[in-house]
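Below, each value reflects all heavy atoms present in this structure, side chains not excepted, and no hydrogens, waters or symmetry copies. Keep in mind that what you see is a predicted model, and the values were worked out from it rather than measured.
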Amino acid sequence: MPIRAILTDIEGTTSSISFVKDVLFPYARRALPRFVAARGKEPAVRKWLDAVAAENGGMCEDAMIVEVLQGWIDEDRKHTALKALQGMIWADGYRGADFTAHIYPDAADALKHWHAEGLPLYVYSSGSVPAQRLFFGHSDAGDLTPMFSGWFDTEMGGKREADSYRNIVAAMGMPAEEILFLSDVVEELDAAREAGLHTALIDRLEDYPQPRNGEATHGHPRVERFDQIAIG
Ligand SMILES: CSCCC(=O)C(=O)COP(=O)(O)O
Ligand SMILES: [Mg+2]
């Protein structure tokens, strides 16, 4: 069946891992204490802080919650509460023009080309949907948000679980066999394939200096850049 929609991951796929690890995560880590002190009483913020507290024995001190969150940033935990809070913090960074979001030029070009061809584009990332919109709204290639038809985060489920992709397919309202999922993580591609989607492993040498070949690809088609992706 021909590909009729693209679903893409962000970190390691459209954009470099080092931008996320070396720019976004340290920014959120530094800003967390001041952010929680300033906005911790807002219901939209409190709800996530309370969720973190509940998962950690019901701790009540905000300072302790901040420490837990900073530990999760260091571990690269893809926790929905952390991701929601990070998105709110990064909003200040983008608005203050402290940084723009990295996007590989080949990814920006291919997304623009597919969009012009009428192929709907969707994002599925561990970053929260508001963080995804900020990311593509303030990218090195400008505001790319108008090109996207939909956004999905871990509210749909974890990225290594087939059911998450089934949920996304249902939300997209088209057969799984018509969707191509792009990611740098083979376990995510395995889950997507289990749900019936086409897959492609984006194996960027900037992020993964040891190319993944043979068994390491888990049988997923492997490319190093978006212009090598075959549609149809
Ligand atoms: C778009 S928000 C920044 C990226 C982020 O926080 C993250 O966890 C990215 O994970 P991905 O699923 O895009 O690999
Ligand atoms: Mg990724």
Side-chain angles (χ1 to χ4, degrees), residues 1-16 19-20 87 94 100-157 159 161-186 188-204 206-207 217-232:
M1 253 196 210
I3 303 297
R4 295 200 193 281
I6 304 286
L7 177 66
T8 186
D9 167 59
I10 298 178
E11 182 187 356
T13 300
T14 61
S15 306
S16 75
F19 170 70
V20 175
Y94 289 114
T100 53
H102 176 263
I103 182 161
Y104 287 108
D106 59 83
D109 288 348
L111 291 169
K112 285 177 190 167
H113 174 71
W114 292 330
H115 177 64
E117 296 274 297
L119 211 57
L121 308 175
Y122 294 82
V123 176
Y124 181 30
S125 169
S126 305
S128 67
V129 167
Q132 296 171 20
R133 288 181 183 276
L134 283 165
F135 194 101
F136 285 108
H138 299 81
S139 86
D140 293 345
D143 180 5
L144 303 180
T145 53
M147 297 195 311
F148 289 96
S149 298
W151 312 82
F152 302 105
D153 60 19
T154 53
E155 302 262 12
M156 303 305 280
K159 293 185 74 187
E161 293 159 26
D163 274 348
S164 310
Y165 298 86
R166 294 190 184 102
N167 294 337
I168 290 171
V169 167
M172 288 171 66
M174 57 197 302
E177 314 81 61
E178 295 185 0
I179 303 167
L180 173 63
F181 177 55
L182 311 174
S183 178
D184 61 316
V185 176
V186 287
E188 296 176 4
L189 296 168
D190 291 345
R193 182 170 57 193
E194 197 182 324
L197 286 76
H198 292 272
T199 55
L201 172 64
I202 312 299
D203 201 29
R204 294 191 178 274
E206 296 91 332
D207 291 324
T217 67
H218 290 202
H220 300 287
R222 172 188 174 277
V223 297
E224 293 178 4
R225 301 186 314 272
F226 271 41
D227 55 12
Q228 298 170 332
I229 297 168
I231 307 277

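His138 has its ring centre no less than 6.0 Å from the ring centre of Phe136.
With rounding to the nearest 0.5 Å, the separation of CG in Asp9 from OG in Ser126 is 7.5 Å. Taking CZ of Arg225 as the reference point, atom CD1 of Ile202 lies at 11.0 Å (rounded to 0.5 Å). Atom CE of residue Met147 and atom CD1 of residue Ile6 lie 11.5 Å apart, to the nearest 0.5 angstrom. Summarising the geometry, atom OG belonging to Ser16 is positioned 8.5 Å from atom CD belonging to Glu206; distances are rounded to the nearest 0.5 Å. Atom OH of residue Tyr165 and atom CG of residue Leu7 lie 7.5 Å apart, to the nearest 0.5 angstrom. Ser183 OG to Leu201 CG: the interatomic distance, rounded to the nearest 0.5 Å, is 7.5 Å.
With a 4.5 Å cut-off on side-chain heavy atoms, Gln132 and Asp153 count as touching. A 4.5 Å side-chain heavy-atom check between Glu161 and Arg166 finds every atom pair outside the cut-off. Contact of the Lys112 side chain with the Leu144 side chain is registered, since non-hydrogen atoms from C-beta on lie closer than 4.5 Å. Within the 4.5 Å cutoff, no side-chain heavy atoms of Thr8 are placed close to those of Trp114. Side-chain contact between Thr14 and Val123 is absent, with no heavy atoms from C-beta onward closer than 4.5 Å. For the pair Trp151/Thr145, a side-chain contact is recorded, criterion being any heavy-atom separation below 4.5 Å from C-beta on. At least one side-chain heavy atom of Glu188 sits less than 4.5 Å from a side-chain heavy atom of Phe181. Residues Met172 and Phe152 have side chains in contact (heavy-atom distance under 4.5 Å, counting atoms from C-beta outward).
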If you apply the rule side chain to side chain contact (heavy atoms under 4.5 Å, CB included), what do you find for Leu182 with Val223, and how did you get there? CA-CA 10 Å; Leu182 311 174; Val223 297; over 6 Å; no

As a quick check of understanding, evaluate side chain to side chain contact (heavy atoms under 4.5 Å, CB included) for Ile229 and Leu180, giving each step before the final call. CA-CA 10 Å; Ile229 297 168; Leu180 173 63; 3.7 Å; yes

Residue pair Leu111, Ile103: steps toward the side chain to side chain contact (heavy atoms under 4.5 Å, CB included) verdict: CA-CA 11 Å; Leu111 291 169; Ile103 182 161; 4.2 Å; yes

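The shortest non-hydrogen separation linking Thr13 to Arg204 is O-NE, 2.8 Å. Shortest non-hydrogen contact noted between Val169 and Ile179 is CG2-CD1, 3.9 Å. The two atoms that bring Asn167 and Met156 nearest to each other are ND2-O, 2.9 Å, heavy atoms only. For the residue pair Tyr104 and Ser15, the shortest heavy atom distance occurs at CE1-C, 3.6 Å. Shown here for Ser128 and Gly87, the closest heavy-atom pair between the two residues is OG-CA, 4.2 Å. Closest of all the heavy-atom pairs between Lys159 and Ala191 is O-CB, 4.1 Å.
With sequence neighbours excluded, the residues forming a side chain to side chain donor-acceptor pair (under 3.5 Å) with Thr199 are His220, listed by chain and number.
Donor-acceptor pairing under 3.5 Å is recorded for the side chains of Asp140 and Thr100.
Counting only distance, with no hydrogens or angles, the side chain of His113 and the backbone of Asp109 share no donor-acceptor pair below 3.5 Å. Judged by distance alone, with hydrogens and angles left aside, the side-chain atoms of His198 form no donor-acceptor pair with the main-chain N or O of Glu178 at under 3.5 Å. Under a 3.5 Å cut-off, the side chain of Ser139 and the backbone N or O of Ala101 do not form any donor-acceptor pair. Checking side-chain atoms of Tyr124 against main-chain N and O of Thr154 turns up no donor-acceptor pair under 3.5 Å.
Ring planes of Phe19 and Phe135: perpendicular class, angle over 60° (limits at 30 and 60°).
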